[in-house]
Amino acid sequence: MPRSQWIRASCATVLALVGALSMTACSDDPDPTPDSGVKVDAGTDAGTDAGTDAGTDAGSVDTGIPWDGGSAGTFSCEGKAQATLSFAPGQEETLQDQVNTLAECTTIQLAPGTYTFDNAITVRQNGITLVGAGKGVKGEGTGTANSTVLVFTNAAANSNGLDVVGNRFEVRDLAVWNAKKDAIRVESSTDVVMRRVRTEWAEADKESNGKYGLYPVKSKYVLIEDCEAYNAADAGIYVGQTEYAVVRNNVARQNVAGIEIENTKYAYVLGNTAKDNTTGLVVFDLPGNPIKGTDIRVKNNTITGNNRNNFASVAASSSTVSQVPAGTGTFILASRRVELTGNTWGDNNSVDVAVLSGLAIESDPAQWVAGGMNFDSADISIHGNTFTGGSGDSVDNGKLNQQLRPLGALLATLYAYGETQGTRGVEHLLWDGLDPFGHDRSRVNPINICFSGNTLPQGTATAIVDLDLLTAGTLATEGNLPGAWAKTRHYAATGTAFDCAGFNPALTIGDFIK
Amino acid sequence: MSPRFSVVLLALTLAACGSSDPEVPGPSPDSGILVPDAGLEDSGVPDAGVPDAGPVDAGVPDSGTPDAGDPDAGRVAMPSSLSGLALFTGSPADGGWAPVEGNIPYTLSTALFSDYAVKSRTLYIPPGKVAHYQSKDALDLPVGTLITKTFAFPADLRAPDQDVRLIETRVLVRQPTGWEAWPYVWNTEQTEATQATGGRSRDVTFIDLEGQTRSFKYSVPSKNQCQQCHHLQDDTGAQVMHPIGVKARYLHHENTYGGVARDQLEYLASLGKLDGLPSLAELPRAPDAFDPQAADLSTRARTYLDINCAHCHNPKGTAGITSRLFLNFDNPDLFTLGECKRPGSAGSGVGGEFDIVPGNHAESILWYRLDTEESGKMMPQIGRTVHHAEGSRLIADWIDSLPAKSCK
């Protein structure tokens with residue numbers, strides 16, 4: 001995940017900037033209601049999607065395309081010559097030569113075994129399919145009779161594993177081992193399928209591991225299914241700046257971030273397992289990006305035990321995930337229209353779900369303004385999930401670092417005091433209480449976060465905290481812990497302003513997927 | 001750049017003669033090399049036939065415009081071996097490797113850094129064709145143009161013309177459909193370079209300017225990887241290939257042709273290979289970034305960034321569009337040049353929070369990216385394994401010379 005600061009700025013700075021931002025936001029935003037952006041998105045989308053879906057989505061924010069590893073874009077291999085090139089271990093050089101002169105709609109068939117490459121496999125052609133004999137199992141850096149492993153351990157510096165630009169690209173049944181940068185990077189492509197693929201780095205907790213495992217970016221109609229991602233020094237599965245993505249039945253473990261959905265519009269994240277990462281599943285927008293993330297449905301995922309110490313590169317600034325406290329199940333940052341349902345959270349040491357403003361990572365209003373003002377989080381519906389407990393009782397695993405992970409340090413400090421006041425740990429849902437649109441703080445839930453119908457551990461007293469980070473953080477910085485704690489607001493799951501029914505119109509993403 | 005670096009590999013500059021319109025060497029529509037392929041656009045099959053059957057050209061004048069009409073007409077079929085292009089005589093093995101007449105050697109006033117490789121460049125414009133002058137962009141080169149760049153390492157950088165080992169020759173060809181890039185890799189015997197579309201990896205060892213032995217794995221980019229640098233977005237948003245170095249400002253300086261020092265652009269014009277050339281006084285000039293006598297520090301630093309970074313970091317380059325960091329020499333906007341600008345997505349730790357912190361190179365991501373050799377952090381993305389000490393020092397000096405400013 002790219003740069004930013006997790007409450008890096010001092011609270012005073014944040015205070016000043018929030019003030020500045022509030023004014024900017026209010027003056028520029030024509031309709032500062034939580035769902036004002038939605039109608040705009042729906043309208044814009046119909047106009048910009050070429051052909052296929054234009055006109056079919058009247059009134060709906062989802063286009064209803066049943067893309068599901070099929071083709072929704074305009075490029076197709078139907079009716080075209082479709083060659084297959086077959087390779088076996090030992091033929092890496094031939095394979096590389098032929099990859100660079102592929103005719104469109106070629107299938108590259110890789111026999112079982114281990115393939116060792118000294119450079120990225122760079123595909124620049126439409127309609128390419130890359131097929132192995134199987135993805136093998138975690139820990140296997142060599143292929144077996146039933147698996148195909150592409151090894152990049154000694155590849156050129158700065159290279160990816162698979163580096164693809166091409167429409168209708170599919171990769172399946174293989175593993176990418178020890179890529180220098182990203183294991184599989186697919187950029188600016190329409191109709192992308194990754195199925196039964198494993199991306200892995202040999203050693204756990206290694207800062208110099210590659211950044212992303214499965215990485216579709218600036219693409220459209222993406223399916224990532226039945227894949228596994230291990231030991232990425234940033235994100236195991238990272239869908240970035242993409243429109244229409246299905247991320248289904250994957251496993252992400254031992255990464256800094258398990259699954260990330262960034263600046264993405266229309267994503268369906270279904271049935272995945274994110275365990276043992278620093279943070280399990282992340283939905284966020286970065287400033288200055290032309291795609292404003294919205295309409296994300298996160299359903300039936302297991303996001304538990306994400307307590308891996310943060311091993312992201314920490315030199316100076318930059319990586320957002322390097323600033324995430326260990327033990328964060330899910331965070332939603334600068335995101336709108338996110339529905340979380342049917343998921344299971346538990347045993348996440350810092351917090352199960354955090355909803356944060358973009359101000360938490362980028363305090364420069366100019367950056368957000370340039371990026372279409374996508375710094376607010378709004379319309380977050382968390383309903384029908386199961387919280388199994390064991391979370392929020394050891395923020396950042398107790399390894400606090402004000403410099404690197406200031407939010408974790410602040411949270412731990414506040415809750416250490418809170419414990420003396422009878423609070424047992426961070427609630428299941430944390431809202432930072434930063435409100436860039438400058439709503440009256442007397443409104444309890446101005447950005448429409450809904451928390452309803454969830455199953456909670458027995459004996460749960462408060463389930464939601466509004467941290468009021470600006471005020472509480474400032475007081476804490478001044479050493480006034482009682483004052484800071486007094487500003488945080490704790491709510492029960494039911495019968496509060498957060499016990500609401502979601503947002504309108506409801507998400508339809510996923511409704512049309514088989 | 002120090003004079004040592006400007007020694008041209010294998011005395012290429014001496015090889016071209018100064019006579020006017022030469023007998024047509026190298027590939028031409030008559031040479032057998034420009035055989036139209038099977039009609040498959042970029043079918044990818046390496047030339048299976050005899051690569052250089054046919055004479056070098058019998059002197060038949062170029063008849064008409066081969067690329068009119070049929071889009072494949074005039075298409076250069078790229079041979080499996082470099083010799084098939086008939087652009088050079090002799091071989092590095094016998095010490096007589098040199099461009100044929102009409103394949104014009106040239107140098108750049110400041111060149112892109114590639115792991116200290118010594119590079120030699122040639123430009124071949126087919127008979128009857130002419131390039132059109134551009135004041136800012138690359139020369140507008142006609143269909144059939146071949147640009148070669150040969151990468152080599154001397155055993156000792158302090159003696160750059162001795163014990164030179166050629167690694168690869170990259171060929172950019174202007175096809176009717178646009179530019180294409182083809183890598184050719186030299187054999188150990190140094191007798192031939194063979195097309196290697198997949199790129200190759202070669203172990204390289206040399207003694208650097210400080211007398212230290214350096215060993216590293218040199219990566220010949222694959223054909224597809226060439227696009228990472230040679231790409232711009234056209235008006236429709238499509239990615240199209242472009243040459244990088246052949247711009248007037250980098251070509252406008254003297255080279256030796258047939259023993260006579262000539263301005264390179266003027267020389268091209270005198271051969272009838274370049275039209276629209278304004279008077280020498282009006283020509284733009286990029287200085288030698290490493291010659292303090294050539295220009296002030298800022299101009300030299302901006303030149304270095306321009307040739308090394310701006311092929312991606314410009315308003316039409318993908319990386320530029322994403323990062324909003326524009327390092328082209330004529331970008332007047334300090335913010336998009338990087339001053340106090342946070343990067344769009346820097347990835348992992350890169351030394352600071354801002355692209356350039358004026359007065360402080362150590363906290364400037366721009367400098368860090370140039371200086372580091374760490375995967376995932378260093379820039380440019382490909383084409384560099386070791387760091388360019390002199391370039392990194394130049395940029396450090398420049399950033400430090402900017403009026404100090406806090407970016408917080």
Side-chain angles (χ1 to χ4, degrees), chain A residues 1-5 8-9 13 92-103 106 118-125 154-159 163 165 180-182 187-188 207-208 210-211 218 233-234 240-241 262 286-289 312-319 322 362 364 366-367 370, chain B residues 40-46 182-183 195-202 216-228 239 318 321-324 335 340-354 363 365 368 373-386 408:
Chain A
M1 178 198 292
R3 156 211 61 104
S4 290
Q5 321 173 68
R8 161 136 324 162
T13 311
E92 289 86 347
E93 194 170 287
T94 314
L95 187 158
Q96 282 281 30
D97 284 345
Q98 297 204 18
V99 160
N100 278 274
T101 51
L102 290 174
T106 299
D118 53 25
N119 197 356
I121 298 173
T122 307
V123 173
R124 295 289 183 273
Q125 183 56 283
N154 294 316
N158 241 14
S159 59
D163 184 325
V165 179
K180 293 293 178 192
K181 283 178 24 180
D182 308 325
E187 184 167 349
S188 303
E207 181 190 322
S208 61
K211 295 297 172 267
K218 298 181 205 170
D234 198 307
Q241 303 161 51
E262 175 253 355
L286 288 172
N289 195 284
S313 174
V314 294
S317 74
S318 65
S319 167
S322 72
E362 175 55 72
D364 178 1
Q367 293 271 345
Chain B
L40 292 174
E41 186 184 310
D42 197 9
S43 67
V45 182
W182 296 84
Q195 195 179 88
T197 51
R200 295 290 184 270
S201 180
R202 290 289 180 268
F216 65 98
K217 205 175 274 291
Y218 177 89
S219 197
V220 177
S222 69
K223 183 175 190 298
N224 286 343
Q225 282 176 321
C226 295
Q227 299 177 25
Q228 282 185 241
Q239 299 280 318
T318 310
I321 291 163
T322 306
S323 66
R324 296 187 299 137
F335 180 72
C340 291
K341 178 189 165 304
R342 291 182 196 274
S345 57
S348 50
V350 284
E353 292 179 32
F354 303 94
E363 287 187 13
I365 294 172
Y368 187 100
E373 292 179 357
E374 268 188 272
S375 250
K377 297 182 180 177
M378 66 182 185
M379 281 282 164
Q381 297 240 9
I382 61 170
R384 178 167 88 77
T385 304
V386 301
K408 301 294 175 188

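Throughout, protein chains are lettered first and strands after them, A, B, ... in sequence-line order, and every chain is numbered starting at 1.
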Chain B heavy atoms under 4.5 Å from [X]: which part of the residue, side chain, backbone, both or neither?
{"X": "Asp182(A)", "result": "neither"}
{"X": "Val165(A)", "result": "neither"}
{"X": "Glu92(A)", "result": "neither"}

**Message:** Looking at Arg200(B) and Asp97(A), is there a salt bridge between them, counting it only when a charged N and a carboxylate O are closer than 4.0 Å?
**Reply:**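 Counted as a salt bridge, because a side-chain N and a carboxylate O are separated by less than 4.0 Å.
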**Request:** May I ask you to decide whether Lys181(A) forms a salt bridge with Asp163(A), counting only side-chain N to carboxylate O separations under 4.0 Å?
**Result:** no
Between [X] and [Y], a side-chain donor and acceptor under 3.5 Å:
{"X": "Asn158(A)", "Y": "Glu374(B)", "answer": "no"}
{"X": "Asn100(A)", "Y": "Ser222(B)", "answer": "yes"}
{"X": "Lys223(B)", "Y": "Gln195(B)", "answer": "no"}

**Request:** Give, as side chain, backbone, both or neither, the part of Gln239(B) having an atom under 4.5 angstrom from any heavy atom of chain A.
**Result:**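 Interface part for Gln239(B): neither.
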**Prompt:** So what's closer than 4.5 Å to chain A heavy atoms on Gln228(B): side chain, backbone, both or neither?
**Reply:** side chain
**Message:** I'd like to verify something: which residue of Gln98(A), Glu93(A), Lys218(A), Lys180(A) has the highest number of heavy-atom pairs under 4.5 Å with chain B?
**Reply:**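 Counting heavy-atom pairs under 4.5 Å, the top option is Glu93(A).
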**Request:** Under 4.5 Å, counting heavy-atom pairs only, tell me which of Asp118(A), Thr94(A), Ile121(A) racks up the most with chain B.
**Result:** Asp118(A)
**Prompt:** To the nearest 0.5 Å, what is the distance between CZ (Arg124(A)) and CD (Gln227(B))?
**Reply:** 6.0 Å
